[in-house]
Amino acid sequence: MHANDSTAKFDFVRAIVAEDLKTDKWGGRVVTRFPPEPNGYLHIGHAKSICLNFGIAAEFAGICHLRFDDTNPEKEEQEYVNSIIEDVHWLGWDWGDQTEGLDPTEPASGGLYYASDYFEQMYEYAVQLVKAGKAYVCDLTAEQTRQYRGTLTEPGEDSPYRSRSVNENLDLFERMRRGEFPDASRTLRAKIDMTHPNLNMRDPIMYRILHAEHHRTGDKWCIYPMYDWAHGLEDSVEKITHSICTLEFENHRPLYDWFLDELGIHHPQQIEFARLNLTYTVMSKRKLLRLVEQGHVGGWDDPRTPTISGLRRRGYSPAAIREFCKRIGVNKFNSTVDIALLEHCLREDLNKNSPRVMAVLRPLKVVIDNYPEGQVEELDAVNNPEDPAAGTRKVPFSRELYIEREDFMEEPPKKFYRLAPGREVRLRYAYFVTCADVVKDQNGQIVELHCTYDPATRGGDAPDGRKVKSTLHWVCAEHALEAEVRLYDNLFTKENPDDAPEGEDFTANLNPNSLEILSSCKVEPSLAGAEPLSRYQFERLGYFCVDPETSDEKLVFNRTVTLRDTWARIQKSQR
RNA sequence: UACCCGGUGGUGUAAUAGGUAACACAUGGGCUUUUGGUGCCCAUAUUCCAGGUUCGAGUCCUGGCCGGGUAGCCA
C-alpha cells in the first residue's frame, strides 16, 4: 500500500460508497443524513456519526442532510432541536441554509429536514399498504400485542384482527387519524409473518394513537408513525443513497427493506456501524439524563460530561473532535476507545493553536530582595512558540511575584529540578533567581520566599553561559488579575463505569474529585477581558478555556486538559 | 436456549484479487529544549481455538469457543 495511493484506506462504509460510485448504482449521487431525535443533547458518540455522514458527503462530492427524527412528541422538544443545530454547526458542518428550520412553524428548506414534515405523505403511503392488503388495524391492547408476538424462541400468533377487510381497515385507519379513538386503543400494523424468526417482522406496528402536542405540528395529528415505518420513508423521500445507522438497527434492516420494497419507492441502502464507547465516561442518553437530573453534574453542558456542549465549555476545539473521529475509524464490532486518544488529539490541536500565557494556580509569594522597590519592567514573552506569526506580548515584572507552590521544595528529592533553598532557576522570559530565604508562619507553613536575581540574565539568558535546571512560570504580584480556575478529572473512577458492585449501578463509580475549584489564582494582566470560550495554554500547566460564567468582576477558567507531565509521572513512580 | 452480527498488540484501527502482520494511542528509555510542553529516535507487544485447502492463510472452507444485538404502542 502506497501513501500516494488515493484509493487507499477506506473504512467499510466508505468502501461501499466508493464501490457504488464506481458501478454508478445511484447515478453518481451520494446523499447521507444525520437523523437525531430531538430528545436530548448531542454527545461525542453522535460526533462520530456526524463526522461519518457529513465527512462522506464532503469526500465524495455528495450532500448530507440534517434531519430531525421527530416522530415521538412525548419526548421531543424545541430546546433540543436548537442545541443540536448549534452543536452540528459548531463541529464545523454545513447543510445549506440552516436558519430556515429554526422557526418551528415553518417547513424546513435547504439541508435541514424534519420527519414531521412528511406525516401526510407517510399517511398516504400507509393507506397504500392497507389497500394492498399489507397492513391492518389491530385492536389488541399493548399487553395482548406482546403476548401474541411470541418470544425470542417461540413463534407468535396471528392477531384476531389480522383478517379484517381492506374497506374496514381503511375506515378504521381514517377514524384513527380523525381522533375517534382513545390513546393506545388501536394500532396500524404491517401484515408480514407472526412466525418470523426476526421479531421485527412479526406484524410490526406502524402507527399508534397518541393525543399529544407535537413541538412542530401541534395538535394536527393524533396518530404518530413508529421508527421502523417512518425512517425508511424519510430516507426515501429525501432520496438518501446511504442510510448509515448504528448496530442495534441491524435486526431492523429486513423491515426497512420490506416497507420500501412493498411501496416500490426509492430504496436507500442501510449500513450499520458500531457506536462509540469511551473509557471513564458514559455515553447513553439515558445515563447522561440521569447525571443531569440527579444533579451529579451541573447540567447538559457541564465540562465533565461527554456532550458536545460540555466539551465545548471544557475547551475542546471542533478540529480536535473531528480529528479524533477520523482516527477511531469505523467498524462493525463494539469497542471502547481510550480517552487518552481523545486527549491526545486535543493537545495536538491546542498546542498548535493556543496562545501561551502565565498563570499561577496555587500562589506562593516571592520577594526579589535586590530588585529596586517600585521598579516595573515590561518583558517580552512569546505568544506561541509553535506559531511565530502569533508574535510577542509584554508582561510586567517587579519586586514581588507569585510562583506555583509546587515549584518550590524546602527539601527537594532527587530529580526535583525546581526551586529550593540556595538553588538558581529561571523565571520565564525574566531573570535567573536564587532562593535565599524561606519565611514560615507559626504552623510551619511556607508563606513567602526571598530570592536574589542576576540583572545580567534579563530575558532569561546568562551571558556567561551558565545553565539552570528549570524554568518557572510566574505572575507579577502588583499586576496580577484574580481568577477562579476549575480543575476537572474523569467523571468516573473506573474505565468502565458500569462495572459496579452487586445491586449498584454506574453512579457508584462517580469520581468524588472530578471537580476542584481554585478561587484565588493569579493570572497575567493580558487576560483582562478575555472572551468566553477563548482558549489559552497556561505555561507548564495545561490548556484552559474561559468559562461563560466569567464576568468583569471575576475571571473564570476551566482546565481543558493538562500538559503531558513527566514530573507527575516520576512522582507517581517514586511513591 | 431462536435469529442476526462480530472476534488482529494493553487500546483503536490497517493489511482492498491468498504473498514480509503495519500505523496511531498508551507504556518504558534516550536526544533536544527559556514550558519536566513541543519535536526527534529507540524499545516492548498482535491475527480466539482446532482441523482443512494451498508452495503460501489475518484473509478461503468446516467445526468449536467467546462477545454484542433483538421479545416498546421508544428511537
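Numbers restart at 1 for each chain; the letters A, B, ... are given by sequence-line order, proteins then strands.
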Inset, instruction - Taking only the side-chain nitrogens and oxygens of A:R564, find out if one of them lies under 4.0 Å from OP1 or OP2 of B:G36. - result: no

Inset, instruction - Specify the separation, in whole Å, of atom CD1 of A:I403 and atom C1' of B:G36. - result: 16 Å

Inset, instruction - Under 4.0 Å between any heavy atoms, over every strand shown, what does A:N198 touch: base, sugar-phosphate, or nothing? Just pick one. - result: nothing

Inset, instruction - Return the value, rounded to whole Å, for the distance between atom CD of A:E250 and atom P of B:U70. - result: 12 Å

Inset, instruction - Please confirm whether any donor atom in the side chain of A:Q537 sits under 3.5 Å from an acceptor in the base of B:U35, or the reverse. - result: yes

Inset, instruction - Please determine if a side-chain N or O atom of A:R149 lies less than 4.0 Å away from the OP1 or OP2 oxygen of B:C73. - result: yes

Inset, instruction - Please determine if a side-chain N or O atom of A:N277 lies less than 4.0 Å away from the OP1 or OP2 oxygen of B:U11. - result: no

Legend entry - Nearest-angstrom distance from the residue atom CG of A:L541 to P of B:G37: 13 Å

Inset, instruction - Give a yes/no answer on whether the side chain of A:R208 brings an N or O atom under 4.0 Å of OP1 or OP2 in B:A75. - result: yes

Inset, instruction - Check the distance between B:C73's P and A:L210's CG and give it to me in whole angstrom. - result: 13 Å

Inset, instruction - Specify the separation, in whole Å, of atom CZ of A:R423 and atom C1' of B:G36. - result: 13 Å

Inset, instruction - Check every atom of B:A14, B:G36, B:U35 against the side chain of A:R356 and return the nucleotide holding the closest atom. - result: B:U35

Legend entry - Phosphate contact (B:C3 OP1 or OP2) by A:T153 side-chain N/O below 4.0 Å: no

Legend entry - Salt bridge A:R164-A:D139, side-chain N to carboxylate O under 4.0 Å: yes

Inset, instruction - For the pair A:E250 and A:K332, find out whether any cationic side-chain nitrogen is under 4.0 Å from an anionic carboxylate oxygen. - result: yes

Legend entry - Any side-chain heavy-atom pair of A:H215 and A:P38 under 4.5 Å: yes

Inset, instruction - Give a yes/no answer on whether the side chain of A:T336 brings an N or O atom under 4.0 Å of OP1 or OP2 in B:U11. - result: no

Inset, instruction - Taking only Lys NZ, Arg NE, NH1 and NH2, and the carboxylate oxygens of Asp or Glu, determine whether A:E524 and A:R393 approach each other closer than 4.0 Å. - result: yes

Legend entry - A:Y114 and A:F68 aromatic centres sub-6.0 Å: yes

Legend entry - Atom-pair distance (CZ on A:R347; C1' on B:U35), nearest Å: 14 Å

Legend entry - Of the listed nucleotides B:C74, B:U35, B:C73, the one nearest the side chain of A:P385: B:U35

Inset, instruction - On RNA chain B, check which nucleotide each of A:R253 and A:A430 is closest to and give me the residue with the more 5' one. - result: A:R253

Legend entry - B:G37 phosphate, OP1 or OP2, under 4.0 Å from A:T566 side-chain N/O: yes

Inset, instruction - Could you work out which one of B:A75, B:G12, B:G68 sits closest to the side chain of A:S335? - result: B:G12

Inset, instruction - Identify the nucleotide, in any strand shown, that forms a Watson-Crick or G-U wobble pair with B:C65, with both distances under 3.5 Å; if there is none, say none. - result: B:G7

Inset, instruction - Taking only Lys NZ, Arg NE, NH1 and NH2, and the carboxylate oxygens of Asp or Glu, determine whether A:D380 and A:K394 approach each other closer than 4.0 Å. - result: yes

Inset, instruction - Between A:F12 and A:R418, name the one whose nearest nucleotide on RNA chain B is closer to the 5' end. - result: A:F12

Inset, instruction - Nearest whole angstrom, please: distance from the P of B:A2 to the CG of A:D193. - result: 19 Å

Inset, instruction - Indicate whether OP1 or OP2 belonging to B:U27 is found under 4.0 Å from a side-chain N or O atom of A:R569. - result: yes

Inset, instruction - Answer yes or no: is there an ion pair linking A:E377 with A:R458, defined by an N-O contact shorter than 4.0 Å? - result: yes

Inset, instruction - Compare the ring of A:Y417 with the six-membered ring in the base of B:G36 and state whether they stack (centres under 5.5 Å, planes under 30°). - result: yes

Inset, instruction - Identify whether the glycosidic angle of B:G72 places it syn (within 90° of 0) or anti. - result: syn

Inset, instruction - Please state whether the base of B:G69 and the side chain of A:E272 form at least one donor-acceptor pair under 3.5 Å? - result: no

Legend entry - Whole angstrom value for the distance that separates C1' of B:A24 from CG of A:L346: 17 Å

Legend entry - Presence of A:H344 side-chain N/O under 4.0 Å of B:C25 phosphate oxygens OP1/OP2: yes

